[in-house]
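Keep in mind it's a predicted model, so treat the numbers as computed, not measured. Within every chain, numbering begins at 1; the chains are lettered A, B, ... in the order of the sequence lines, protein sequences first and strands thereafter.
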Amino acid sequence: MTAALWYALAGVGLFALGLYAMAVHRHLLRKILAFNVMGAGAFLVLAGLARRAPEGSADPVPHALVITGIVVTVAATALALVLMLRVREATGAAALPEDRPD
Amino acid sequence: MASAVSALGWGVALILLPLTGAVLAFVLRPLATRVGVGTALATTLATGGLALALVETGSGRYPIGGWEAPLGIALAADGLSLLMLAMTAAVGLAVSLYVPGYFRDKPRASADFWPLWLFLWAGLNGLYLSADLFNLYVTLELIGLAAVALAALAGSADALAGAMRYLLVSLVGSLFYLLGVALLYHAYGSLDIAILAEQVAASPPVWAALGLITAGLLLKTALFPLHFWLPPAHASAAAPVSALLSALVVKGSFYLLLRLWLTLFGAEAGGLGTLLGLLGAGAVLWGSLQALRQTRLKLLIAYSTVAQLGYLFLAFPLATGLAWGAAVYLALAHALAKAAMFLAAGNILMFGGHDRIADLDRVAQRLPLSVAAFALAGVSIMGLPPSGGFVGKWLLLQEAIAQGAWGWAAVLVLGGLLAAAYVFRVIGYAFTQAEVPQEPHAVPATLGWIAFLLALGAVLLGLVAPQPLALLGIGAPLGEIGTAP
Amino acid sequence: MSWSAWAPLAVLASSLVPGLVIFALPESKRRTRTALNLGGALLKLGLILAILWGVSEGQTYGVRLPFLPGLDLALRIGPLSLLFLVLSAGLWLVTTIYAVGYLEGSPHRRRFFGFFSLCVTATVGVAMADNLLTFVIFYELLSLATYPLVVHRGTEVARRAGQIYLAYTILGGALLLLGTVWLYTIAGTLDFTPRGFLERLPESQHPALVGIFVLLIAGLGVKAALVPFHGWLPQAMVAPAPVSALLHAVAVVKAGAFGIVVVVYDVFGVEFAASLGVTTPLAVLASVTIIYGSLRALFQDDLKRRLAFSTVSQVSYIALGVAVAGPIAAIGGVVHLVHQGLMKITLFFCAGNLAETLGIHKVSEMNGVGRRMPWTMAAFTVGALGMIGVPPIAGFVSKWYLGLGALEANQPWVILVLAGSSLLNAAYFLPILHAAWFREPPKSWPEEQRFGSAETGWMLLLPPLVTAALALGVGLFASMPFTPLEWARLIAELEFYPR
């Protein structure tokens, strides 16, 4: 097992963990954090698989993709946090209607 | 080569114009409406220019910055892109002309709307013109974020919750897509669709990528049973935003799925096509039944979207040029009809202050244009002649029966009957007298006319079918769109 | 495009354009609207008569427009089309006059006359269709255009009746569509061809063709009110009288019956259909409908409902004539398209007059009304006697040919059906006539409206008199040229004895 494969598997694991957490947790902040974990997992897969030849330098293209992806994730997280605050302001709880305790 | 470049020069303009407009509208807030409408007109004209150029030179490909694949990012346009771009322009222009009248009492909402909508338009145009998998991811994200922000614009608790759910779903979908792209890149070393199309072969990475990408895009297209986020988000948004979401945004991810299927995955898909068809059938039946149960107009229309999207997926198990063409035609007709319905509902809401179906007291007399718009749009949704919906339904039926696939044929027929049930439920109530007459608020005439013209467009699509289908054939993206059986 | 291509489009436009203009005009512009209606109706009738003359001189009229890959929208005016066209245009003119008079003072006339015009357009489109696709398109348009007329009154009752009407008619349309697409995938074409275009298909397709026949007839049978698809017709009586007259005499039921004629003659071909074994079940179904409709009519006290069930029964004569699969029966069935239209519209006009002038809706309220409204009841009497089959009124001619045709085609049981039906018709029409002419009128009528010294408004009185006179005329002068009977003869000849 090469290091690359370990990274990729870890990435997949993070992805799955994040997905599970997103589905299960009720609080919106936790969902948003879970999304970030998922994103980290996907980027890890991308970067981990970047080495295509066993020797030699890594392929830079996936690195560029990851950087772009991180930027997108930051923007998306910002939007999500603002929306969460507005939802809490409007409804009193930072949770979706189907997740409210009542 | 030069003429192909000029064709795609229009394509670059199609992305840059709305982007610039969005930035300008954001910076020059007081002038936002003027900038917005002006950009809408310019973008529509540019779409026309692209159409003319493509008709002349056939499909084209444009490497950005002169750098070709596998490192460069290319734009490409063929008949399928053209039709989706034209659909976006038609509905986009109509909504852009509708918004000034609709938001005339809410300047803040209007100023917020324009930058977001123009970013959305730029994203959609970029989606339809991209030929690079990662570029497509970026455009998907742009579309998703802009759409969520637009949905949240209405400000009510329902709208905010709906937008939040939409955001989370959209982001999960994008991440699935990204993971699939990662696998494909690792396997073949390129992100360019044309290059991948030549190299891709059935193997575990491709199947995994196929599954991931399909799952992500299905989530964004709200295919049953992943549709749960759509009705609350589309119904609680402001009427013009609902029109954009139902008519244009969901079509973007559908287009992408179709494109990748046709170029990369179709040959290896096997049973997945049948699964998509089954889910589509479920969407048609479940969405229609849920629409029947609704007491509020906008929710009924939103569930109708869920049902109509199901029709599009019936083409996957049939998988011939005619079936794909029919699905695209249905998408086109649905865009016009659904936008008309939501705009008409917006007028009705503005008129009566509510959208309870049972209390649409004699709206028919006070807002004849809007009710007529709803009725004509309903004709297309039901798949009755003459309308674009009828053409799509006929072609899909023809293909299904020719292949002996009676199950899909039955779904098509049944879906039409259920659609008739919920459309006429609304129209029937619009003709009778409610117990307590509502006090009407004035509705500007232009709002009614825009809804009506969109609906008329959906009907006219049924009369001119050979032309758009011929346009669809530019570059033969769907294979041979056959004729007689 | 030459005149022969423009002509069908002009016929369509002569009611479509006025209809669209009427939608755009404000509600208050009464005179303009009436002028548009009448002008359009006169223009249409004029065009059709010109075309009639042209066809008799050997001209052909047709046009094809591309619609789908491989399929055109095709219109053509042949003898059968002309029969239906002349009926539609003529009765339309008459009904327009009646409707203007009947709806005097009612709200929403713009909406009414706009959709009225759309209905005509759809009906003539059905008449001129030259392939099954075009037929289906205009057939469905007819469903859509008639719905607003059924719910016109805006009451809850009307809304429910509209829902039932829709349920039947949309379901019928779905069956028709399914059958049509299936046929297209098997046969590769949908163009109407005299004597049919399906004989050349291999025998392995015959079961599919039977299935297609069932689907098509079921879809058409909804509008044609074949049992068990007739349920919408009595419900639709909630509409105003001009609508009932329209639906029952010209547009909807005739479109269904016309469709059955066309499917049997120009899609399957009557001899091929007989060899497939589908004509006898159709004949049985038509016979059941004839008897059942008449039986139900016996027990209705509401006048319009009694007439509705009578329509259910009478329209199936057409299907019976077609299904008996012989040339003389064909003449009887086809000519009944026109004859039944004339007689039934007279009856409905009279029923409308009774309701509008005296507030009479039930048979039991009709005692002595012949003294108060003699001209109306005279027209009613002509229509009723024609329905029973009394010579020389039109209905007698149709029944005569049907009976003869049954004998000639070796199906004598049909004569029993005809005789039974005539007896039942007498049983539910003669008491009305007796009560109207020979009983004492009540002290006061339910809701009287006076029209000066005349028995009722002239716009309400003239139409039934005209149609009653026509019903008498086409029967009396049946063997003269240019009557419906002669045209029916020509049509049967083309189908059974090709040149």
**Prompt:** Taking all non-hydrogen atoms of both residues, which atom of B/A235 and which atom of B/L299 are closest, and how far apart?
**Reply:** CB-CD2, 3.5 Å
**Fill in**
Greatest number of non-hydrogen atom pairs under 4.5 angstrom with chain B, of A/V82, A/L83, A/V72, falls to A/L83
**Complete:** When the 4.5 angstrom heavy-atom criterion is applied to B/Y137 and chain A, the contacting part is side chain
**Request:** Going by the side-chain contact (heavy atoms from CB on, under 4.5 Å) test, name the single residue among B/L178, B/I73, B/T139, B/D192 that passes it with B/F134.
**Result:** B/L178
**Asked** Do you know which two heavy atoms are closest between A/A76 and B/L167, and how far apart they sit?
**Response** O-CD2, 4.4 Å
**Prompt:** Which atom names give the shortest non-hydrogen contact between A/A93 and A/V87, and what distance separates them?
**Reply:** O-CG1, 3.9 Å
**Sub-4.5 Å side-chain heavy-atom contact between B/F228 and B/V169** = yes
**Asked** Contact part of B/L175 toward chain A, heavy-atom cut-off under 4.5 Å: side chain, backbone, both or neither?
**Response** both
**Item:** Region of B/V181 that comes under 4.5 Å of a non-hydrogen atom in chain A
**Value:** neither
**Request:** Please state whether the side chain, the backbone, both or neither of A/L65 comes within less than 4.5 Å of a heavy atom of chain B.
**Result:** both
**Asked** Hey, are the side chains of A/L85 and A/L81 touching, using non-hydrogen atoms and a 4.5 Å cut-off?
**Response** no
**Item:** A/V45 to A/V12 - nearest heavy-atom pair and separation
**Value:** CG2-N, 3.7 Å
**Asked** Among B/L142, B/L145, B/V138, who wins on heavy-atom pairs under 4.5 Å with chain A?
**Response** B/L145
**Request:** Please report the shortest heavy-atom distance between B/K298 and B/S242, naming the atom on each side.
**Result:** NZ-OG, 3.4 Å
**Prompt:** Are B/S236 and B/D158 linked by a side-chain donor-acceptor pair shorter than 3.5 Å?
**Reply:** no
**Message:** Any donor-acceptor pair under 3.5 Å linking the side-chain atoms of B/K220 with those of B/S174?
**Reply:** yes
**Item:** Contact listing (chain B partner; residues 13-23 of chain A; heavy atom under 4.5 Å)
**Value:** A/F15, A/L19, A/M22
**Prompt:** B/A152 versus chain A, heavy atoms under 4.5 Å apart: side chain, backbone, both or neither?
**Reply:** side chain
**Message:** Heavy-atom pairs under 4.5 Å with chain B - which of A/I32, A/T91, A/V61 has more of them than the others?
**Reply:** A/V61
